[in-house]
Amino acid sequence: MTAVKNHIKIVGYGTHLPRNTVTFKDQTRYRVVENEETQLSMAVKAIEKALEQAGLTIKDIDCIVSASAVGVQPIPCTAALIHELVAKGLSIPAMDINTTCTSFISALSLMSHLLEAGEYHRILIVSSEVGSLGLNPNQKESFELFSDGAAALIFEATEEERGVISSLQRTWSEGAHDTEIRGGLTSFQPKEYSDATKTHYMFDMNGKKILLLSARKIPEMFKEFKDKSGLSLSDLDYIIPHQASRALPMVMRSLGIPDDKYLNIVQDYGNMVSVAVPFSLCYALERNLVKEGDTIALMGTAAGMTVNMLAMKL
């Protein structure tokens, strides 16, 4: 049996979806109604559900991590704004960890080391996205793909033989400009916004180029991940991938992963950006698709192009 390196366990989780949905043929997408729900309000609702399920209060949390692709504002970090709503008056540290769509996997990998080291005992990771607000309606492939939502999970250090077995992250920056929002910070500053430049402030994606780059890089990385973790495909009970697009089955087949061994909910929920992986993990836990004792893998692609893989015993 492959040894666990960072001993942690999930003690609570919660999700939240906007009440509004839109459909594109057979595809359902969740989209916030402006002035009704915000990125922060959804994060708070997911956190409240996670705390309630764990039987904890925010005072029991040692660190709050926001693992979201798009922040609420450039400064301060989104975690500080979440802290204001759930932990104001407390000195719990709060930080952002951002690798866009795979932010949750990056955060879990990094924070598991701090839990193992004893820096923290119990942490909360929350992802929340309102990506629909930045979509370009003239770019059909992205406009019909993305959903909004939030997911929060609470992790605790444990002496049990469970937790993170191994993780791996790789970045191929030849894909850096295939998925991006160029405007809003120092590249295209807010003062440069105009009708002529407004598409720089919207999400821009070249799905075909991303897919081709992924097809070249991910199979080799998956082999590296299996070698590093000491796990074979048969050792994994279930795989929870980022719900990147309707091309998910094609990508998984290229890795030799059968349909019954991974979660595919793109049709019903779309790509929820950083929320996709934690929401999918919560979805699988809630429906008993995965259970305590199972060995699972989280994996996904992100803008950059960054790819994350993480193996964990629940």
Side-chain angles (χ1 to χ4, degrees), residues 4 6-18 37 39-68 78-97 103-105 107-128 149-165 237-238 240 263 272 274-296 298 310 312-314:
V4 171
N6 296 331
H7 297 76
I8 64 172
K9 63 181 180 180
I10 299 168
V11 294
Y13 60 88
T15 63
H16 181 76
L17 294 171
E37 286 195 294
Q39 186 173 359
L40 289 174
S41 71
M42 290 196 299
V44 169
K45 288 175 181 176
I47 289 169
E48 289 172 345
K49 290 175 184 176
L51 289 169
E52 182 180 1
Q53 189 195 64
L56 300 170
T57 71
I58 197 65
K59 292 181 180 180
D60 299 309
I61 302 299
D62 301 320
C63 186
I64 298 169
V65 179
S66 172
S68 299
T78 298
L81 299 173
I82 292 171
H83 188 293
E84 180 184 27
L85 296 175
V86 300
K88 191 173 183 179
L90 304 175
S91 59
I92 303 166
M95 66 183 78
D96 285 6
I97 297 176
S103 295
F104 175 81
I105 306 176
L108 177 56
S109 175
L110 291 167
M111 298 307 293
S112 71
H113 288 280
L114 295 178
L115 287 166
E116 180 74 11
E119 182 72 14
Y120 304 115
H121 175 65
R122 190 181 293 117
I123 64 158
L124 185 149
I125 303 176
V126 58
S127 299
S128 182
L153 288 98
I154 300 168
F155 295 90
E156 183 178 282
T158 180
E159 295 183 359
E160 301 170 43
E161 193 58 22
R162 55 200 290 199
V164 175
I165 296 168
D237 294 296
Y238 205 59
I240 297 176
L263 184 67
M272 301 169 74
S274 71
V275 180
V277 172
F279 180 88
S280 296
L281 176 54
C282 295
Y283 180 99
L285 287 165
E286 194 170 54
R287 289 160 177 79
N288 295 314
L289 299 174
V290 297
K291 60 187 184 303
E292 185 177 325
D294 282 354
T295 298
I296 66 168
L298 310 177
L310 181 146
M312 180 178 186
K313 183 176 180 183
L314 295 175

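Each residue takes its place number in the sequence, starting with 1.
- Remark: E292 does not engage K9 in a salt bridge, criterion side-chain N to carboxylate O under 4.0 Å.
- H16 and E48 share no donor-acceptor pair across their side chains, judged by distance under 3.5 Å alone.
- In the model, H7 has no side-chain atom that pairs as donor or acceptor with a side-chain atom of E160 under 3.5 Å.
- S112 OG to L310 CG: the interatomic distance, rounded to the nearest 0.5 Å, is 7.0 Å.
- Side-chain contact between V277 and M272 is absent, with no heavy atoms from C-beta onward closer than 4.5 Å.
- In this structure a side-chain-to-backbone donor-acceptor pair under 3.5 Å is present from S280 to A276.
- Counting only distance, with no hydrogens or angles, the side chain of D96 and the backbone of T78 share a donor-acceptor pair below 3.5 Å.
- Residues I123 and I61 are not in side-chain contact: their nearest non-hydrogen atoms beyond the backbone lie 4.5 Å or more apart.
- Inter-residue side-chain proximity for L124 and V65 is flagged as unmet; no heavy-atom pair is nearer than 4.5 Å.
- Counting only heavy atoms from C-beta outward, the side chains of Y13 and E286 approach each other to under 4.5 Å.
- Looking at M111 and Y120, their side chains come closer than 4.5 Å, going by heavy atoms from C-beta outward.
- Proximity of a side-chain donor or acceptor of D62 to a complementary backbone N or O of H121 within less than 3.5 Å is detected.
- Side chain of S127 to main chain of A67: a donor-acceptor pair is present (N/O by atom type, distance under 3.5 Å, no hydrogens or angles).
- Panel note: side chain T15, backbone A150; no donor-acceptor pair is recorded below 3.5 Å.
- Using a 4.5 Å heavy-atom cutoff, the side chains of K45 and E37 are in contact.
- Panel note: side chain D237, backbone T295; a donor-acceptor pair is recorded below 3.5 Å.
- The salt bridge (Lys or Arg N to Asp or Glu O under 4.0 Å) test applied to R122 returns E156, not counting sequence neighbours.
- Annotation: the span from N6 atom CG to I8 atom CD1 amounts to 7.0 Å, rounded to 0.5 Å.
- Remark: K313 does not engage E161 in a salt bridge, criterion side-chain N to carboxylate O under 4.0 Å.
- For the pair H83 (side chain) and I64 (backbone), a donor-acceptor distance under 3.5 Å is absent.
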